Amino acid sequence: MGNVYSRLLVYALGGGAFILSVLGLASYDPATGVVDIAPFNIGSAAALIGTAAGSVGTVLGVFKIWGTK
């Protein structure tokens, strides 16, 4: 089972590098496997992640309580 998890991790990292490259946040070279992440502001990143997590939490909370009295 460890082999499956390691393969999934490699696929997830490769997919993440590809998505960052498409968004313009990183440059990915598939021939060498090198990912160069562009500089970013950590405060802005934390604010975006916090906002997204809050939105997801709100939606999940609404659907969990929906239909109960």
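No experiment lies behind these values; they were computed from the predicted model shown.
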* Taking the side chain as every heavy atom from C-beta outward, state whether V34 and D36 have any pair of such atoms under 4.5 Å apart. => yes

* To do: Verify the neighbour count for atom CG of L13: are there more than 12 heavy atoms of other residues, nucleotides or ligands below 6.0 Å?
  => yes

* Asked: Does one hydrophobic cluster hold both I42 and I37, with members joined at side-chain heavy-atom distances below 4.5 Å?
  -> yes

* Structure fact -> When L8, V4, N3 are each screened for side chain to side chain contact (heavy atoms under 4.5 Å, CB included) with S6, the one that passes is N3

